[in-house]
Amino acid sequence: MTCAIVYSSRTGNTELLARTIRELLPAGDCIYFGGPDPAALAADRLYIGFWTDKGSCDEALAAFLSTVEHKEVFLFGTAGFGSQPAYFQAVLGRVQANLGGDNTLLGGYMCQGKMPPAVRQRYEAMLAAPGHAPNLQAMIDNFDRALTHPDAADLAGLQEAVARAGQA
């Protein structure tokens with residue numbers, strides 16, 4: 001069975017997950033590895049990765065997902081803000097809603113990912129302003145916790161999710 005790994009990665013977090021999946025697959029099975037491209041649709045099974053943008057995937061990946069039909073699909077992603085399973089499941093559901101028709105979802109996996117330093121700088125500037133949002137310190141704390149992700153435990157979780165889906 002042929003497979004393709006399609007991903008969108010703004011900061012390298014999702015690319016790390018994509019590379020981890022590629023290492024799990026038998027040599028020669030992966031006929032495509034890279035960004036959204038119609039060439040990936042030649043594969044029987046698609047591993048599709050995304051970074052979280054406003055609670056879903058970015059527009060380019062959403063457009064690609066809408067072209068996917070009659071495939072086995074495994075979704076994976078990273079989110080800088082949030083580390084709770086319920087949040088991850090909600091994001092995965094919104095991303096899945098972009099899929100075209102008659103696909104079989106084999107599973108999914110999400111983990112936290114580090115964010116660019118500019119995000120923390122923006123939060124700090126907002127914190128210094130009078131009348132800032134009361135949850136701003138929690139957002140800074142989340143940024144700091146995300147700095148080490150995806151970590152070894154995240155990658156092990158991805159490997160387990162792929163194995164549960166019958167992929168490796």
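Note that the structure is predicted; figures quoted are calculated from it, not measured.
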Identify, with sequence neighbours excluded, every residue that meets side chain to side chain contact (heavy atoms under 4.5 Å, CB included) alongside L105. V73, L75, Q96

Residue pairs involving residues 23-37 (criterion salt bridge (Lys or Arg N to Asp or Glu O under 4.0 Å); sequence neighbours excluded): none

How far does CD1 of I31 sit from OG1 of T2, to the nearest 0.5 angstrom? 4.5 Å

Among pairs that include at least one residue of residues 102-131, which meet side-chain hydrogen bond (donor to acceptor under 3.5 Å, both in side chains), considering only residues two or more places apart or in two chains? N13-K114, H70-D102, Q112-N142, R120-E124, R120-D144

Sequence-distant partners of E69, side chain to side chain contact (heavy atoms under 4.5 Å, CB included), two or more places apart: none

Distance in Å, M126 CE paired with Q137 CD, rounded so as to fall on 0.5 Å steps: 12.0 Å

Please set out all donor-acceptor pairs under 3.5 angstrom arising from side-chain atoms of residues 55-68, sequence neighbours excluded.
from	atom 1	to	atom 2	distance (Å)
D58	OD1	S8	OG	2.7
D58	OD1	W51	NE1	3.3
D58	OD2	A60	N	3.2
D58	OD2	L61	N	3.3
S66	OG	A63	O	2.6
T67	OG1	F64	O	2.6

To the nearest 0.5 angstrom, please state how far the CE atom of M1 sits from the CD atom of E72. 4.5 Å

For residues 2-16, pull every pair meeting salt bridge (Lys or Arg N to Asp or Glu O under 4.0 Å), keeping only residues two or more places apart or in separate chains. E15-R19

Where do G166 and R45 come nearest, in terms of heavy atoms and distance? O-NH1, 4.2 Å

Here the gap from L155 atom CG to L16 atom CG, rounded to the nearest 0.5 Å, amounts to 5.0 Å

Do you know the tightest heavy-atom contact between A18 and I5? CB-CG2, 3.7 Å

Between A4 and A43, the two heavy atoms sitting closest are N-CB, 3.5 Å

Please evaluate residues F81 and T52 with respect to the criterion side chain to side chain contact (heavy atoms under 4.5 Å, CB included), reporting the C-alpha separation (whole Å), side-chain torsions for both, the decisive distance (0.1 Å), and the verdict. CA-CA 9 Å; F81 189 79; T52 303; over 6 Å; no

Please determine whether side chain to side chain contact (heavy atoms under 4.5 Å, CB included) holds for the pair D154 and L158, giving the CA-CA distance in whole Å, both sets of side-chain angles, and the decisive distance to 0.1 Å. CA-CA 6 Å; D154 297 325; L158 172 64; over 6 Å; no

The side chain to side chain donor-acceptor pair (under 3.5 Å) partners of Q89 (sequence neighbours excluded) come to none

Can you give me the closest heavy-atom contact between C111 and F88, atom names plus distance? C-CZ, 3.6 Å

Under the side chain to side chain donor-acceptor pair (under 3.5 Å) rule, collect the residues that match up with T14, sequence neighbours excluded. T78

Which heavy atom of P117 sits nearest to which heavy atom of F143, and what is that distance? CA-CZ, 4.0 Å

What's the spacing between L17 CG and I21 CD1 if we round to 0.5 Å? 6.5 Å

Grab the two heavy atoms, one from V6 and one from A40, that are nearest each other, plus how far apart they are. CG2-CB, 3.3 Å

Would you list the pairs meeting ring pair (Phe, Tyr, Trp, His ring centres under 6.0 Å) in which at least one residue belongs to residues 9-45, sequence neighbours left out? Y7-F33

Are L41 and F50 connected, step by step, through hydrophobic side chains (Ile, Leu, Val, Met, Phe, Trp, Tyr) whose heavy atoms are closer than 4.5 Å? yes

